[in-house]
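In what follows, chains carry the letters A, B, and so on, assigned in the order in which the sequence lines appear, proteins first and then strands, with residues in each chain numbered from 1.
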Amino acid sequence: MIKPGEYIRDIFAQPVGTVLVARGWVKTRRDSKGISFVQISDGSCFTDLQVVIEAGTLPPETLEQITTGACVEFTGTLVESPAPGQPVELKASGCTVHGAAHPSSYPLQKKGHTMEFLREIAHLRPRANTFGAVFRVRNALSYAIHRFFQDRGFIYIHTPIITTSDCEGAGALFQVTTLDVAAPPRLADNAVDYTHDFFGKPAYLAVSGQLEAEILALAMANVYTFGPTFRAENSNTPRHLAEFWMVEPEMAFCDLDDDVELAQEFLQYIIRYVLDTCEADLAFFAKRIEPTVVETLEHVAQASFERITYTEAIRVLEASGRSWEFPVEWGSDLQAEHERYLTEEVFRRPVVVTDYPRQIKAFYMRVNDDEKTVRAMDVLVPRIGEIIGGSQREERPQVLRERLKECGLPEEPYWWYLQLREYGTVEHAGFGLGVERMMMYLTGMKNIRDVIPFPRTPGSADF
RNA sequence: UCCAGAGUAGCUCAAUGGUAGAGCAGCCGGCUGUUAACCGGCGGGUUACAGGUUCGAGUCCUGUCUCUGGAGCCA
């Protein structure tokens, strides 16, 4: 394996004259009379290592196998490059070709491919510049998420992937079953008899870990989850996946103001971290994907977010003098066009909208003293829309019961959730960040399917 | 799921209802240092699939599939 100090990233930091080994995959090769130039990458950094092969150095049968896509291992000396384009290069003395890649059938060319085509070859696209950069940024983002919470004493918890409560109200669920779907056992009334199913009742993939995270928060104060979630919605957009990753912090002794403040600190921290550690990758995104991406991130990392209530947002929209496709009316949810107008045109930066009408929000959100709104917050950012959704949770048992009833939900499955309010309740709050939405914001990538290695969408779960 | 657009060579795209083409990639050759290298040559097609209209369909009609954009749902 490649050990620390041996990555191509590390090789660039070695002094000229060092004899070393470089391993990776061939990006491209150029030939002149008597000399060949091979660029290799091991994914450790954006920049390829240029290997120079002078005529006669390698046997012809080795040389002819060094083609785009091949896996190679060079030995050589690090030398100053006489030509512009790279400060150092490897002067090859030997080469082992671990795996050739037949050039006439290897699908990745050295020139531009569409994102749609690359998506069809997800087993090879990590070797493309764009996807190497995307997955390095994804790694940095993941690390920054943990570091932010760990530095603040949050406990990393794991909430279940499989759940038997189908009543969270957060969209369609994937059912998990070991029954024979062609011929399930049936009851007298022909309904499926789930007592024979694996869990003895219907089970689903979780759409959120929030309710369980609240359990841990009411024991360990500050906790967070970071894992996959699943939505069986038939949504076909550049912003939705059926399987995506979500970060959900949950804090006891926390109200909505604290919640909003943490969300802002959190976003700014991870943006700063990626700016500081992924400079070359971000420069590439700015050059080839989205020109404004770096300046936007620099700006957002420092500027405080705009904060308005839902009621104020409605007033702003009404006063805009625009004609909306969907009417602006207190009591109905903000549409995509409204959110975009607020964050992209009015404020031109992230906007936190709080205190939404109770009838359009989930049962667990804390009812305000005005009885009409709940302590919900959405963080909206230009180009993406909603990137964070959160709330202060209803900690009063009577009010929570009323809200369940109001939302048409039975109390029984929530017996433990209600009991948390009976035994040692405290005000608490949390939010959810969609990791892939954040990735789109960080990279400027236009389609969410291109910021996760193996996207799952309706009708598509290949690889 | 709804609305709109698209599907032609490995990739990106041309082609008034009348002989399916180009650039790139690949292959062969050339060039003493290339940087999306460059120059010359060569091969490359069930026009997404199934029907239909027509003397004749890549082109028009119907259906299906896939992709893209917008909307809804949301992170």
Please list, one pair per line, the donor and acceptor atoms closer than 3.5 Å that link side chains of residues 85-92 of chain A to other protein atoms, with sequence neighbours excluded.
{"residue": "Q86(A)", "atom": "NE2", "partner": "S81(A)", "partner atom": "OG", "Å": "3.0"}
{"residue": "E89(A)", "atom": "OE1", "partner": "Q50(A)", "partner atom": "NE2", "Å": "3.1"}
{"residue": "E89(A)", "atom": "OE1", "partner": "S81(A)", "partner atom": "OG", "Å": "2.9"}

Just list the side-chain donor-acceptor pairs under 3.5 Å for residues 452-463 of chain A, sequence neighbours left out, or say none.
{"residue": "R456(A)", "atom": "NH1", "partner": "D462(A)", "partner atom": "O", "Å": "3.0"}
{"residue": "R456(A)", "atom": "NH2", "partner": "F463(A)", "partner atom": "O", "Å": "3.0"}

Show every donor-acceptor pair shorter than 3.5 Å between a side-chain atom in residues 356-363 of chain A and any protein atom, with sequence neighbours excluded, or say none if there are none.
{"residue": "Y356(A)", "atom": "OH", "partner": "D378(A)", "partner atom": "OD2", "Å": "3.3"}
{"residue": "R358(A)", "atom": "NE", "partner": "E406(A)", "partner atom": "OE2", "Å": "3.0"}
{"residue": "R358(A)", "atom": "NH1", "partner": "E371(A)", "partner atom": "O", "Å": "2.7"}
{"residue": "R358(A)", "atom": "NH2", "partner": "E406(A)", "partner atom": "OE1", "Å": "2.7"}

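The K33(A) side chain lies nearest to rC31(B) when the options are rC31(B), rU34(B), rG72(B). Among the nucleotides rG69(B), rG72(B), rG33(B), the one closest to any side-chain atom of P238(A) is rG69(B). The side chain of A336(A) sits closest to rG72(B) out of rA75(B), rA37(B), rG72(B). For R231(A), taking side-chain heavy atoms from C-beta onward, the closest of the listed nucleotides rC24(B), rA75(B), rG33(B) is rA75(B). Here the nucleotide nearest the side chain of P103(A), chosen from rG72(B), rG26(B), rA75(B), is rG26(B).
Using a 4.0 Å heavy-atom cutoff across all strands shown, N447(A) reaches sugar-phosphate atoms only and no base atom. S32(A) comes within contact range of at least one nucleobase, with a heavy-atom separation under 4.0 Å. Residue I388(A) is in sugar-phosphate contact alone, with no base atom involved, counting any heavy-atom pair closer than 4.0 Å across all strands shown. Among the heavy atoms of the strands lying under 4.0 Å from Q109(A) is at least one base atom, whether or not backbone atoms are also near. Across all strands, R288(A) comes closer than 4.0 Å to no nucleic acid atom at all (heavy-atom distances). Residue T229(A) is out of contact with every strand shown, counting any heavy-atom pair closer than 4.0 Å. At a threshold of 4.0 angstrom between heavy atoms, the contacts of Q210(A) with the nucleic acid are absent. Within the nucleic acid shown, G432(A) comes within 4.0 Å of sugar-phosphate atoms alone, with no base atom in reach, counting heavy atoms only.
Considering only residues two or more places apart in sequence or on other chains, E73(A) meets the salt bridge (Lys or Arg N to Asp or Glu O under 4.0 Å) condition with none of them.
Per the geometry, NE2 belonging to H240(A) stands 17 Å off P belonging to rC2(B), to the nearest Å. The distance between atom CD of Q335(A) and atom C1' of rA71(B), rounded to the nearest whole Å, is 9 Å.
Judged by a 6.0 Å distance limit and a 45° cone about the ring axis, R307(A) is not positioned over the six-membered ring of F305(A).
Stretches of at least 3 consecutive Watson-Crick or G-U wobble pairs, with each checked distance under 3.5 Å, appear in RNA chain B as B:1-7 with B:65-71, B:10-13 with B:21-24, B:26-30 with B:38-42, B:48-52 with B:60-64.
Residue pairs meeting the ring-ring contact (aromatic ring centres under 6.0 Å, His included) criterion with at least one member in residues 46-94 of chain A, sequence neighbours excluded, are F46(A)-F284(A). Listed by first and then second residue, the ring-ring contact (aromatic ring centres under 6.0 Å, His included) pairs that reach into residues 7-39 of chain A come to none, sequence neighbours excluded. Note on residues 77-112 of chain A: no pairs pass ring-ring contact (aromatic ring centres under 6.0 Å, His included), not counting sequence neighbours. For residues 382-391 of chain A, every residue pair satisfying the side-chain hydrogen bond (donor to acceptor under 3.5 Å, both in side chains) rule, not counting sequence neighbours, is listed here: S391(A)-R393(A).
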Please write out each protein N/O paired with an N/O of nucleotides 12-15 of chain B under 3.5 Å, distance rounded to 0.1 Å.
{"residue": "rU12(B)", "atom": "OP1", "partner": "T114(A)", "partner atom": "OG1", "Å": "3.0"}

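Of the residues in residues 11-27 of chain A, not one comes within less than 4.0 Å of RNA chain B through any heavy atom. Of the residues in residues 44-74 of chain A, those placing a heavy atom less than 4.0 Å from an atom of RNA chain B are Q50(A), in numerical order.
Residue F37(A) and nucleotide rG33(B) are not classified as a stacked aromatic pair, given the requirement of ring centres less than 5.5 Å apart at an interplanar angle below 30°.
Contact of R437(A) with rC74(B) (side chain to base): a donor-acceptor pair of N or O atoms is detected under 3.5 Å. Between the base of rG70(B) and the side chain of E325(A) there is no donor-acceptor pair shorter than 3.5 Å. Counting distance only, with no hydrogens placed and no angle test, the side-chain atoms of Q86(A) and the base atoms of rU34(B) include a donor-acceptor pair under 3.5 Å.
Ring planes of F154(A) and F149(A): tilted class, angle from 30 to 60°.
Atom CZ of R288(A) has 12 or fewer heavy atoms from other residues, nucleotides or ligands within 6.0 Å.
Taking 4.0 Å as the cut-off between side-chain N and carboxylate O, D255(A) and R366(A) do not count as a salt-bridged pair.
Rounded to a whole angstrom, the distance from the P atom of rG33(B) to that of rU59(B) is 50 Å.
Just one residue in the list K27(A), R30(A), R29(A) forms a side-chain hydrogen bond (donor to acceptor under 3.5 Å, both in side chains) with Q39(A), and that residue is R30(A).
In this structure, T296(A) contributes its side chain and T292(A) its backbone to a donor-acceptor pair below 3.5 Å.
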